[in-house]
Amino acid sequence: MPFIIEKVAFTYQKGMVFAQEAIKGLNLTINDGEILGIMGATGSGKSTFLQLLIALLQPQQGTILYNGRNLAHLKRKELIALRQEIGMVFQYPEQQIFADKVYDEIAFGPRNMKLNSEEVNQRVKEAMSQTGLDFARYHKRLTTNLSSGEKRRVALASILALKPRCLLLDEPTAGLDMEGRKALLGYLKDLNRRDNVTIIMVTHHLSHLLAICRRLVVLDKGRVLMDTPTRQLLTHYESLRELDLELPAHLEAAYHLQQRGFSFSGEDLSMAGVARRIAQQLQEP
Amino acid sequence: MFRNISLGQYIPVDSLLHQLDPRSKVLAALFFILAVFAASFSLELVMVYFIAFFLLLLSGLHINEFWLAFKPFLIIILITVIIQLLFIPGRYLFQFYFISISYEGIWIAVSFTLRFILLLFIVRLLTATTTPVAMMDGLEQMLKPLGKLGLAVHELVMIMTISLRFIPLLIEEAHRVRNAQLCRGADFQVGGLSHRLQLLFAWLLPILRISMQRAEDLSQAMEARAYSGGEGRTRLNVLELRVNDYIYFLFMTFVFGVVQFFSF
């Protein structure tokens, strides 16, 4: 059980006029090998939550345990080790690329880990293949000449090169075109299936989450409002609507069809899944 | 998200000071500073402290805000005080090897510290009660006569406003890039010079690029809204000096006058 989060609270600029309560009394357990989607409106504390998980911020109340270790009690060396074990991909990670060449960018992490050049090479190759970047074609390319989708993949590869056991992603699909998005979600799914990497992904696009997540947590004003398997999402339709979260069209359709006798219980609620189910039930006499 | 940038931050409270015209506040602050320097270390300084306390009440701000602005300067004050204690000669209070502390040294160190606190106080008071935009509007009005001499006052002030506006964003950006690199195993606290330089470079480069991009975007956004410099430009909120502004400003000149008078 990697993460056990208990009664965590965090306020920015605590005690000042500008104090902003981002997280208050949050409880959550995140299991090994899970793909967890986190949703919530702007200001619901999603990004803050991720930064707490990787100990960039420390909770002012409550505890966060990772594999039984309290994140607040780690020493500097242990923190650095922790951040190799938990990878974090920030919003628009391509903006943070600094190296000239794709290879050097991806090798930054492994080199920080003091691996020898052969191991670094190995890691870079692996990370590039995991993100669909052909090593021979890309490793000498200049980072400035890449398209934004390619840059995003390089940024993701540069985290994967650390071989994290757990991957945190803040709005990974923002600003990507459909193809880029599909590919990215595909890499994440593979990563989870093949290497059992825990994936925690924050976004406000429910349809992107439904494509890969099995569990969905909705945050509202710094608290867990909803914690549900994605397959049972339709039972929470009313409360999702109340939150002003945009529901994908196929879920709206599924909900209204359900009112007319269709059944989607226990079904994969991705767009393809819903379409399949509708077609199936239309064929039934 | 917000970081701990408190030194220049405007604090929105509805108070008498907040409502004043920026010009009157800037000039009054100037006279306050003159008074601080003119005051000899005695009753006058006590009086200036009373005035400061009075202003604090008028501003409706919590004393904590001032403490936060004061904190980063503690180390400077400490170093200065130590130097003054050690190196100012006079009647010695005690001597021990090379350490010798004189009455004069203590006297000067204390009076320096008390003045320095007042200076920080008035600057913080000004920035906490005046939005950067209002401050720059005020500045533009006051510098207007220089425009006749061919100085591009409006453009100059616009540049300053934008710079001020972007400082918090830049700090936030720097935090973000640093966090991202911490997450990739960068350790900013160990390693040789070349290693650290490398890290520094890896940190500065993205910030620089993001800032360039932002400047480009901003200039396009301004042009798209037909901005073409100060000529013939009108404003929504025209600055207007009211009775309170005159009272505040005259009060501060009066304080300066009194201090000046007594220190002769």
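Computed from a predicted model, the values in this text were never measured in an experiment. In the text below, chain A, chain B and the rest are named by the order of the sequence lines, each starting its count at 1.
Of the two parts of Leu204(B), neither the backbone nor the side chain holds a non-hydrogen atom closer than 4.5 Å to a non-hydrogen atom of chain A. The contact between Arg76(A) and chain B is made entirely by side chain atoms (from C-beta outward), counting heavy-atom distances below 4.5 Å. Neither the backbone nor the side chain of Glu85(A) comes within less than 4.5 Å of any heavy atom in chain B. Contacts of Ile210(B) with chain A are made by side-chain atoms alone, with heavy-atom separations under 4.5 Å and no backbone atom involved. For chain B, no part of Ser47(A) is nearby; none of its heavy atoms comes within less than 4.5 Å.
Counting all heavy atoms, side chain and backbone alike, Ala180(B) lies closest to Phe90(A) at CA-CE1, 3.4 Å. The shortest non-hydrogen separation linking Gln96(A) to Arg209(B) is C-NH2, 4.5 Å. Closest non-hydrogen pair, Gln51(A) versus Asn179(B), comes out as OE1-ND2, 3.9 Å. In terms of heavy atoms, His195(B) sits closest to Asn112(A) at CE1-OD1, 4.1 Å. In terms of heavy-atom proximity, Gln91(A) sits nearest to Arg176(B) at O-NH2, 4.0 Å.
Around the OH atom of Tyr227(B), the shell of radius 6.0 Å holds more than 12 heavy atoms that belong to other residues, nucleotides or ligands. Few gaps surround CG on Leu142(A); more than 12 heavy atoms of other groups in view lie less than 6.0 Å from it. Counting non-hydrogen atoms of other residues, nucleotides and ligands closer than 6.0 Å to CG of Asp190(A) gives a total above 12. Summarising the local packing, OH of Tyr92(A) is surrounded by 12 or fewer heavy atoms from other residues, nucleotides or ligands at distances under 6.0 Å. The local environment of CZ in Arg214(B) is crowded, with over 12 non-hydrogen atoms from other residues, nucleotides or ligands closer than 6.0 Å.
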Check your understanding: Hey, mind stepping through Phe98(A) and Ile207(B) against side-chain contact (heavy atoms from CB on, under 4.5 Å) and telling me if it holds?
Key -> CA-CA 9 Å; Phe98(A) 57 87; Ile207(B) 300 173; over 6 Å; no
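Put simply, of Leu168(A), Leu79(A), Leu162(A), Ile86(A), the one with the most heavy-atom pairs under 4.5 Å next to chain B is Leu162(A). The choice from Leu56(A), Ile97(A), Val89(A) that makes the most heavy-atom pairs within less than 4.5 Å of chain B is Leu56(A). Most heavy-atom pairs under 4.5 Å with chain A, from the set Val177(B), Leu208(B), Leu199(B), Asn64(B): that is Val177(B).
To the nearest 0.5 angstrom, Met113(A) atom CE is 12.5 Å from Arg184(B) atom CZ.
The shortest distance between side-chain heavy atoms of Ile54(A) and Cys183(B) falls below 4.5 Å.
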